Every structure is written in C-alpha cells, then in structure tokens.
Amino acid sequence: MRVSVALFTADLRVHDNPVLQAALKDAERVVPLFVVDTGIRRTGFAGPNRAAFLADSLADLDAALRARGGRLVVRVGDVVEETCRVAAETGAAVVHIAGGVSRYAARREERLRAELADGRRELHVHDASLTVVPPGALTPAGKDHFAVFTPYFRRWESFSVRGVLPAPDVVRLPDVGSVGLPRAESIASGPTSPGLPAGGESEARRRLRSWLAGPLSVYGDRHDDLAADATSRLSPYLHFGCLSPTELLHRARAQDDPGAHAFVRQLAWRDFHHQVLAARPDAADHDYRPRHDRWRRATKEFEAWQDGRTGYPVVDAAMRQLRHEGWMPGRARLLAASFLTKTLYVDWRVGARHFLDLLVDGDVANNQLNWQWVAGTGTDTRPNRLLNPLVQARRYDPRGEYERRWLPELRHLDATAVHRVPHLDAATHAGLDYPAPIVDLAEAAARFRERRGAE
Ligand SMILES: Cc1cc2nc3c(=O)[nH]c(=O)nc-3n(C[C@H](O)[C@H](O)[C@H](O)COP(=O)(O)OP(=O)(O)OC[C@H]3O[C@@H](n4cnc5c(N)ncnc54)[C@H](O)[C@@H]3O)c2cc1C
C-alpha cells in the first residue's frame, strides 16, 4: 500500500490545495500532517494573536478532514525531525509541501529534502500553492526578480493561472498516531486582542461569499475610506492559507466589474512581495536598497506611537485599532508606518517588529517589504515621499469618524474639531485627556530630508 504525507504549512484548507491533491493522487493512504514547529517559536514569530487564529484554523481543518473520513495528524517538535519520523512510521515514499519564500522556509525545505533522501524518500514542493503566480515564474530579462511593481503587474495579469482544484471527497489515513489539537496558549503565550477574528477555512469561505456578493463591487472607490471599513479583511485567511489566492483570483475575476479589477491588483501586490523575498530572503531584516540612514532611537516617541498617543488622531486611531483587533486597513498601516519611519525617523525594523507582534495576518513577505516600501529602503520608486498625517486624515477620514471610533477621549468632538486637535493651544489642550503632538511636522520633514540627503 502506497502512503504519502501532505505536510500542511501556510495552506490550512481542503479546497484548492495542490499539496493535499498531489498526496492523494500518488497514494492510497495519506497522512495530513501539521507539526507545531518549536523552531518557529525560537524565531520569535509566534505572536499570541496568530497562535489563536492558527489553533482555530487547525481545528477547522481537522473537522473538514473528518467529514471526509480522515483527520489531522498533529505532532510537536522540530518540523523536519517530526515529518521524517511520521514518514518512517507509516512507510511513506513521498512528502508533499507548499513552496515557501522566507529564509526559514528555504532552510526547512533544504533540510527536509536531505533528511528524507537519507531514508530513500522524496520531497515534492508545490510552488503554486501560497501565491497565484509562483515566485520566480516571472522575471525581467537578465534578472532573478522584479524590483518594481508596475512592470511586474503587467506580466502578472497575463500569466496563465492554473485552475481551481476541488476539495477531495475522501481522505484515507494509514495507521498513525497523533497528539491532540494544540491550544493557542501552547503555541504562544500572552494576551490576545479582544477584537480578533475567528480563524479557519469555514469562516474564510463564509467571508468570501459575502465579500463577493456585495462589497467587492465598491472596493475601487472605497478601499481607502477609513471609516467605511470597505476592504475584504481576508488577509489573515490568506496568510494561513485558509483561503487559496488562486481561487480568490478566479472568483473575483468572474465578477468582471471595476471593484474586482482594483481588488485583483492588490492580490498582485501580495505576489510581488513574495517574489522579492524569495529572491532576496535577507530583505526580511536588511535594507533592500540601503539609503545609509542614521535612524534615531527616540524611545519615548516610539512608545507614544505604539500606544496611540502621538497627538495625531489618525495615527493614534490606527495604532489603537491594531492593538484591539490585531489588524488594520492598508491605508492605516501606511500612515502609521510612514509616521514612524519618516516623521519620527525611527528604523523600519523596530516598527515592523511591533506590527508582527500584533498582526493576525503578520507575514514576513508582506510586512517587512511593505515597511521597507514605506521607509523608502524598499521597492517604492519615490522613496523620499512624506505623508502628512493631517492632510491624510482630511482626505481619508473627512468626517473624522474613524478617528472618533478609536479615540474615545475625542468622541464628543465633531469632525472639524477632531481635525483641529493637533493645532490647539496648550490651554485648550489641557481640557482634553489627549496628548499634544509629540513632534512638529515641518521640523520632522526638514530632519528627514537632511538625514536622508533628499531634496
Ligand atoms: C506597513 C505595512 C505592513 C503590512 N503588513 C502586512 C502583513 O503583515 N500581512 C499582510 O497580509 N499584509 C500586510 N500589509 C499589506 C496590506 O495592508 C494588508 O494586506 C491589507 O491591509 C489587509 O486587509 P484586507 O485583507 O482587507 O485587504 P484588501 O484591501 O481587501 O486586499 C486584498 C488582499 O490583497 C493583499 N494586499 C493588499 N494590499 C497589499 C499590499 N500592500 N501588499 C501585499 N499584499 C496586499 C492582501 O493579501 C489582502 O488581503 C502591510 C501594509 C503596510 C503598509
């Protein structure tokens, strides 16, 4: 009897899962395996919010496999050792895994390949699992990846994307032992955000259906409107692979309206950052384009930023939402990151770390490379652009609703008054339980230009 292992990583789903499908195709019995990887804990990447979402997602995956006659096999330990152990115990000839893009994933793949080969077993890596276009599938002439989004997007749009794979009807396991499903606290300890979304493929598919049925059509016009909350909120489901980006693309394209076009472009950004990281894994912590920055330490200002107490309401609202939900919309991330790296001139790595501690969709490719994009050390073709938080607030939160939603101490004010708060004199400010601005924007802009050596 032929056995294979489907090793789940960031693809926690039964629909459109190339790893699971390939494992089922080449064997009569399949071990759907998840290893609670103690190595990831050592990298400091396992935040409590993501641990809670992961625990939900594993329970949901187990239920989906049980409905098909199988179950999820869980082990705890070093992912390579545990996978090889399961393969040996069950006599599996092949282990299937999705191709990852981080340094950690590359090393895991390399070790798995070598250690499985010692037992005369094979590793099959499926590259079209975690992104729509496999990293490295599109390259400009003479280069190993695209460094600019627009030409990448042009090629990405005409890429021949694989079709959507059905969920299997039946999954049959060999005789194999498993520990129980992990609880969130055993993956990462610490408090979770109170407004955290529920994880899992069932929840992802429910959200996908309601997203396609309505809000998607106005995405183009409203995705930057902070108060409208008009983005898909699918990012954590994409991060953990509860939803396949390929299926999402096909289903969005089938809508064929301007909202869908704008949305599909965002999925291309996700692929873009993945292909950059695959080619330059060190971009997770080194400047992609060094600008010889002499970053400030500014501990007090950094803490004010973390706590949502900078005195700039739109930045503070964003940072409070992050703490409360473990998530924020893209525009809010841009504003908050720009304020830290350009207005306060603090190293992007420090801000990216804080985001990773809290974000439920926290992702090495998307987080680190978006931070670099904002800081001007990444792929932005206008690396020295500065976002003014007052102008941004008037443009993307004209009625001050988003600011007042997240800042209870300003809730009694009307829209124009919220926007005037950073300009109040000291005496008027004293009447509010809200800080005066921690930095003068004109001085900050001059400092940034001088230190960056920018025009
Ligand atoms: C400083 C900073 C840090 C970020 N960190 C992360 C992160 O850790 N994880 C993460 O998934 N995204 C990150 N993003 C990208 C983006 O902000 C989020 O993906 C998006 O806000 C998630 O909300 P949504 O699902 O409602 O997005 P929608 O607007 O509905 O977009 C749909 C999907 O497209 C993808 N997407 C959208 N914008 C981007 C982008 N700029 N880069 C890459 N993919 C994108 C996401 O997968 C998203 O779920 C970051 C952006 C910035 C500026």
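In listed order, ligands and their atoms are each counted from 1. All values below were derived from every heavy atom in this structure, side-chain atoms included, with hydrogens, water molecules and symmetry-related copies excluded. Keep in mind that this is a model prediction, so the values were computed, not measured.
Looking only at heavy atoms of the protein, atom 36 (N) of ligand 1 is closest to Q266 O, 3.5 Å. Regarding atom 21 (O) of ligand 1, its nearest protein heavy-atom neighbour is G330 N, 3.1 Å. In terms of protein heavy-atom proximity, atom 13 (C) of ligand 1 is nearest to R333 NH1, 3.3 Å. The protein atom (non-hydrogen) at minimum distance from atom 7 (C) of ligand 1 is D361 OD1, 3.5 Å. Atom 11 (O) of ligand 1 has N366 ND2, 3.3 Å as its closest protein atom, hydrogens excluded (heavy atom only). Among all non-hydrogen protein atoms, the one lying nearest atom 33 (C) of ligand 1 is L267 CD2, 4.0 Å.
Of the candidates R452, K342, R291, R452 is the only one forming a side chain to side chain donor-acceptor pair (under 3.5 Å) with N384.
Residue contacts with ligand 1 for F272 are absent, since no atom lies close enough (heavy atoms, distance under 4.0 Å). Residue H239 does not touch ligand 1, judged by heavy-atom distances below 4.0 Å. Contact annotation for S232 and ligand 1: heavy atoms of both the backbone and the side chain come within less than 4.0 Å of the ligand. Using a 4.0 Å cut-off between heavy atoms, L238 contacts ligand 1 through its side chain alone, with no backbone atom that close. Here W373 has no heavy atoms under 4.0 Å from ligand 1, in either its backbone or its side chain. Using a 4.0 Å cut-off between heavy atoms, L359 contacts ligand 1 through its side chain alone, with no backbone atom that close. Only the backbone of P329 comes within contact range of ligand 1, with a heavy atom under 4.0 Å; no side-chain atom does.
Against a heavy-atom cut-off of under 4.0 Å, R270 is close to the following atoms of ligand 1: 43 (C), 44 (N), 47 (O). Of all the atoms in ligand 1, the ones that sit under 4.0 Å from a non-hydrogen atom of G362 are 8 (O). Ligand 1 places these atoms under 4.0 Å from at least one heavy atom of H273: 42 (N), 43 (C). Atoms of ligand 1 found under 4.0 Å from any heavy atom of A337 (numbered from 1 in listed order, with element): 1 (C). Applying the 4.0 Å criterion to heavy atoms of R233 picks out, from ligand 1, the atoms 24 (P), 25 (O), 26 (O).
Cation-pi check for R207 over Y237 is not met; the charged atom does not lie both under 6.0 angstrom from the ring centroid and within 45 degrees of its normal.
Side chain to side chain, N49 and S193 meet the donor-acceptor criterion of an N or O pair below 3.5 Å. In the model, D287 has a side-chain atom that pairs as donor or acceptor with a side-chain atom of W348 under 3.5 Å.
The residue from N367, L243, D271 that puts a heavy atom closest to atom 5 (N) of ligand 1 is N367. Proximity annotation for atom 19 (O) of ligand 1: of A365, A332, A252, S235, S235 comes nearest, heavy atoms only. Relative to atom 15 (C) of ligand 1, the option among T131, N370, L335 with the closest non-hydrogen atom is N370.
The shortest separation from a heavy atom of Y219 to ligand 1 is under 4.0 Å, placing the residue in contact. Ligand 1 does not have H223 within reach: every non-hydrogen atom of the residue lies 4.0 Å or more from it.
Two rings, from W211 and F263, have their centers less than 6.0 Å apart.
Ion pairing of D347 with R349 is present here, as a side-chain N (NZ or NE/NH1/NH2) and a carboxylate O approach within less than 4.0 Å. Salt-bridge annotation for R405 and E325: absent, with no side-chain N of the basic residue lying under 4.0 Å from a carboxylate O of the acidic one. Under a 4.0 Å N-O distance rule, the pair R420/D414 does not qualify as a salt bridge. Salt bridge present: R296 and E301 bring a charged side-chain N and a carboxylate O closer than 4.0 Å.
The nearest pair of heavy atoms linking N367 to A352 is ND2-O, 3.2 Å.
For ligand 1, none of its N or O atoms has an N or O atom of F263 under 3.5 Å away.
Note on ring orientation: taking the six-membered ring where Trp is involved, the planes of F149 and F272 are perpendicular (angle over 60°, cut-offs 30° and 60°).
Remark: the backbone N or O of Y402 is paired with a side-chain donor or acceptor of D397 at under 3.5 angstrom.
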Quick one: do H324 and W406 satisfy ring pair (Phe, Tyr, Trp, His ring centres under 6.0 Å)? Show the steps, please.
CA-CA 9 Å; H324 186 84; W406 291 106; 5.5 Å; yes
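Counting only heavy atoms from C-beta outward, the side chains of L410 and P313 approach each other to under 4.5 Å.
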